[in-house]
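Numbering of ligands and ligand atoms starts at 1, following listing order.
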Amino acid sequence: MKAWKEIPRRGYVTQPTPLEELFRFSQRVGVRVRIKRDDLLPLGGNKIRKLDYLLEEAVRVGADTLITASTNQCCYNSMTALLASREGMTCRVIMESWGDTRYRYETASNHVMMELCGPEEVAVVTNLPSGPVEDMPVARRMAEEVRAAGKRPWFLSRGGSGPLGALGYVRCAEELLTQWGEDPPGAVICPCGIGGTQAGLTVGLRLLECSVPVVGIGVTGKSRGEMEASVRSQCQELTDFLETEPLPEEAVRCVDGYSGGGYGKPSREQVEWMRTLASSQGILTDPTYSGKALYGLCGLAAEGAYADPGGLVLLHTGGLQLFYDFSSLAEV
Ligand SMILES: *Cc1c(COP(=O)(O)O)cnc(C)c1O
């Protein structure tokens, strides 16, 4: 097996995020809940764990212009723009317009944050084709322009997917193990978007010989089967990359039914649970990702799925810059 701890990263993540006990919220849910505060990571979310590895590679090859793609309600493009500036680079991003039609990205904080960093180009598309960023015609055109200007483009995977990005969550699994020590939970609950976060956590825990299951809550409206197939193949890519044993099929678990009206569209019940967490503990979750994982956790708790003493750990992936439109939350 590859010595994964030695794989270089930029060092943006300098310390473990806290694992906190939610005493008052646990009473409301009826199950012990702890929360892993990845919302407190630098720049506020899970993508920095992925970019810690991805930017290291970009710096190493001497790139000066990053090209990547993501959706309008994901923190990835804006975080890439911030980190590009931090490294003295620039970036061009492809942004898929998706989700709630009331979302006005031009004035949304996620977008404004990105614009402040001065990306060379933000290309808005309505339908992001699947497959690698470098195969997208718009990305190829961008790369040609960058090269013609005598600069060095570098493609980053969409949303930070792929084994190198997922490695960021192998590190998170290691933090969790140290933090819960002899008091493990019945399961770790996380949002499942593209699924790299879940794949990294799942592989990480197994690699460290921990049998606590990871359950991904779908945020896009995909079926459980579709999500599990996708996360499984990302786990496989990661175990291949690390030159270690593939995971058994049952190691990957996803749950559907908590994504409301689909990507970026929270249900009324979800917003109620977001309110309960905020009012009982002072912790905000976002409508697109962490709020859906929270809602899923509460649903699983209500089914009595994890009543054991360890309870549940919620991975809070951040996303507060996604509080795009408070009025739309009031309407659901
Ligand atoms: C991107 C994102 C996720 C989903 O992560 P995946 O690895 O794509 O599943 C969850 N939460 C937030 C805040 C995100 O920006």
Side-chain angles (χ1 to χ4, degrees), residues 17 35-54 68-82 95-96 98-99 108-111 113-114 128 130 156-173 188-204 214-222 226-228 230-235 237-238 252-255 258-259 263-264 266 270 274 283-297 314-324:
T17 56
I35 192 165
K36 174 70 170 162
R37 299 292 307 269
D38 270 12
D39 56 318
L40 301 180
L41 282 166
L43 307 184
N46 66 339
K47 299 303 185 299
I48 199 152
R49 288 198 192 264
K50 303 182 182 193
L51 287 161
D52 210 0
Y53 284 99
L54 296 171
T68 195
S70 170
T71 60
N72 54 2
Q73 286 172 68
C74 170
C75 310
Y76 183 71
N77 279 346
S78 53
M79 223 183 265
T80 299
L82 280 159
M95 200 181 68
E96 184 183 29
W98 193 22
S109 47
N110 194 29
H111 194 74
M113 234 173 80
M114 182 165 72
L128 210 54
S130 56
L156 294 178
S157 59
R158 172 207 304 230
S161 55
L164 201 54
L167 203 52
Y169 271 88
V170 174
R171 293 189 75 91
C172 178
V188 178
I189 312 293
C190 68
C192 179
I194 296 177
T197 300
Q198 183 179 351
L201 264 186
T202 309
V203 169
V214 177
V215 182
I217 308 294
V219 303
T220 62
K222 281 196 192 130
E226 280 176 288
M227 287 188 287
E228 286 182 347
S230 164
V231 175
R232 266 185 206 120
S233 80
Q234 294 177 72
C235 288
E237 280 179 48
L238 181 53
V252 172
R253 300 193 202 168
C254 295
V255 174
Y258 294 98
S259 63
Y263 186 71
Q270 177 190 327
M274 288 166 63
I283 296 175
L284 294 172
T285 44
D286 81 88
T288 308
Y289 296 99
S290 52
K292 287 192 177 170
L294 173 74
Y295 177 33
L297 175 143
L314 175 67
L315 174 69
H316 189 332
T317 48
L320 287 196
Q321 59 267 57
L322 301 176
F323 260 93
Y324 53 90

*Using the ring of Y169 (Phe, Tyr or Trp, six-membered ring only), decide whether K36 places NZ or CZ under 6.0 Å from its centre and within 45 degrees of its axis.*
no
*Counting N and O atoms only, with roles assigned by atom type, does the side chain of T17 sit under 3.5 Å from a partner on the main chain of L41, one being a donor and the other an acceptor?*
no
*Between the side chains of S230 and E226, is a donor N or O closer than 3.5 angstrom to an acceptor N or O?*
no
*N/O to N/O below 3.5 Å, does that happen between K50 and ligand 1?*
yes
*Can you tell which of S78, G318, G193 gets a heavy atom nearest to atom 9 (O) of ligand 1?*
G193
*Can you pull out the closest protein heavy atom to atom 5 (O) of ligand 1? Residue, atom name and distance to 0.1 Å, please.*
N46 ND2, 3.2 Å
*Which atoms from ligand 1 have a heavy atom of G319 less than 4.0 Å away?*
13 (C)
*asked:* Has T202 got a side-chain atom pairing as donor or acceptor with Q198's backbone, closer than 3.5 angstrom?
replied: yes
*Under 4.0 Å to a heavy atom of C75 - the qualifying atoms of ligand 1, by number*: 15 (O)
*Do ligand 1 and C192 have nitrogen or oxygen atoms that lie under 3.5 Å from each other?*
no
*Purely on distance, is any nitrogen or oxygen of I194 under 3.5 Å from one on ligand 1?*
yes
*Report yes or no: does S290 contribute a side-chain atom to a donor-acceptor pair with the main-chain N or O of D286 at less than 3.5 Å?*
yes
*Between H316 and L284, is there a donor-acceptor pair closer than 3.5 Å when you use the side chain of the first and the backbone of the second?*
yes
*Looking only at atom types and distance, does a side-chain atom of S259 sit under 3.5 Å from a main-chain N or O of V219, one as donor and one as acceptor?*
no
*Under 4.0 angstrom from ligand 1, any heavy atom of C74?*
yes
_Any N/O pair Y289/ligand 1 closer than 3.5 Å_ = no
*May I ask you to check whether G195 has an N/O atom sitting below 3.5 Å from an N/O atom of ligand 1?*
yes
*Report the nearest protein non-hydrogen atom to atom 15 (O) of ligand 1: residue, atom name, distance rounded to 0.1 Å.*
K47 NZ, 2.9 Å
*Keeping the roles fixed (side chain from S70, backbone from C74), state whether a donor-acceptor pair exists under 3.5 Å.*
no
*asked:* Quick check: T317 and ligand 1, any N/O pair under 3.5 Å apart?
replied: yes
*asked:* Only heavy atoms of T197, strictly under 4.0 Å: list the atoms of ligand 1 that pass.
replied: 5 (O), 6 (P), 7 (O)
*Short question: side chain of Q270, backbone of G296 - any donor-acceptor pair under 3.5 Å?*
no
